[in-house]
Amino acid sequence: MSGAFPVKCTVKCTVNGAAQELQGHPMERLLDSLRDTGLTGTKEGCGEGECGACTILMDGEPVNSCLVPLAQAEGAELCTVEGLPARAGRKVSEDRAALHPVQACFVSEGGAQCGICTPGMLVAATALLERNAEPTDAEVREALAGNLCRCTGYMKIVNSVMAAAREMRAGGNRAAPPEAGR
Ligand code: FES
Ligand code: FES
């Protein structure tokens with residue numbers, strides 16, 4: 001089917017709450033398209049859909065952006081790790097209070113380990129807490145089953161997500177999609 005796709009396309013979508021036009025080959029990986037816009041928080045681990053480092057939210061669902069062709073993002077609402085604070089109604093800044101509760105708890109509970117796996121973990125955990133405000137330990141582990149850490153254990157990561165769930169329930173800070181969201 002060579003020649004079936006144009007060399008370049010323009011994909012209109014929403015990225016972290018803002019209208020965006022992503023340009024590239026239709027089969028280019030969404031991971032690359034997003035990183036090319038400067039959103040380098042989304043990482044490449046395996047590049048084969050196995051590790052979860054490249055996890056983003058696509059219409060509220062976690063997806064491996066290394067497996068999503070750019071053309072598939074037409075009309076989609078995308079959220080990268082950079083967009084998480086806004087998803088919880090926070091402004092992006094260096095201030096801990098401006099972090100998404102999941103991010104803040106990864107810091108306070110020691111769940112933030114290396115820079116490769118952490119962004120994907122944060123995004124997957126946020127997706128879980130948006131649909132389940134009070135997950136069990138097992139549900140957290142299941143939600144993060146597609147996010148691999150190659151170098152240490154998962155206990156602090158799970159504890160971080162459980163702490164974020166408690167913080168969000170206690171503080172009325174339940175993460176909600178941006179107004180333009182789902
Ligand atoms: S880089 Fe996408 S799943 Fe590993
Ligand atoms: S792969 Fe990131 S801490 Fe292990």
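These numbers come from a predicted model, not from an experiment. We're numbering straight along the sequence, starting at 1. When a ligand or atom number is given, it counts from 1 through the structure's own listing order.
Rounded to 10°, the angle formed at atom 2 (Fe) of ligand 2 by SG of Cys117 and SG of Cys114 is 120°. In this structure, SG of Cys51 and SG of Cys46 enclose an angle of 100° at atom 4 (Fe) of ligand 1, rounded to 10°.
Atoms of ligand 1 found under 4.0 Å from any heavy atom of Gly49 (numbered from 1 in listed order, with element): 3 (S). Interface of Cys54 with ligand 1, defined as ligand atoms under 4.0 Å from a residue heavy atom, comprises 1 (S), 2 (Fe), 3 (S). Shown in contact with Cys66 at under 4.0 Å from a heavy atom are these atoms of ligand 1, numbered in order with element: 1 (S), 2 (Fe), 3 (S). Of all atoms in ligand 2, numbered sequentially from 1 with element shown, those under 4.0 Å from a heavy atom of Gln113 are 3 (S). Listed by atom number, the atoms of ligand 1 under 4.0 Å from Gly47 heavy atoms are 1 (S), 4 (Fe). Interface atoms of ligand 1 facing Gly52, defined by a heavy-atom separation under 4.0 Å, are 3 (S), 4 (Fe). The atoms of ligand 1 that sit less than 4.0 Å from any heavy atom of Glu50 are 3 (S).
Closest to atom 1 (S) of ligand 2 among all protein heavy atoms lies Arg150 N, 3.4 Å.
Residues Arg90 and Gln103 have side chains not in contact (no heavy-atom distance under 4.5 Å, counting atoms from C-beta outward). The side-chain heavy atoms of Glu21 and Lys12, taken from C-beta on, include a pair separated by under 4.5 Å. Contact of the Ile157 side chain with the Gln113 side chain is registered, since non-hydrogen atoms from C-beta on lie closer than 4.5 Å. Side chains of Arg29 and Val68 form no contact here, defined as non-hydrogen atoms less than 4.5 Å apart. Using a 4.5 Å heavy-atom threshold, the side chains of Leu129 and Pro135 count as touching.
No more than 12 heavy atoms of other residues, nucleotides or ligands sit less than 6.0 Å from atom CD of Glu142.
Between Thr14 and Glu77, the side chains place no donor N or O within less than 3.5 Å of an acceptor N or O (distance only, hydrogens not considered).
Not a single N/O/S atom of Cys149, whether from backbone or side chain, sits less than 2.8 Å from atom 2 (Fe) of ligand 2. Not one N, O or S atom of Cys151 sits under 2.8 Å from atom 2 (Fe) of ligand 2.
Residue Ser65 holds its OG atom at 9.5 Å from CZ of Arg35, rounded to the nearest 0.5 Å.
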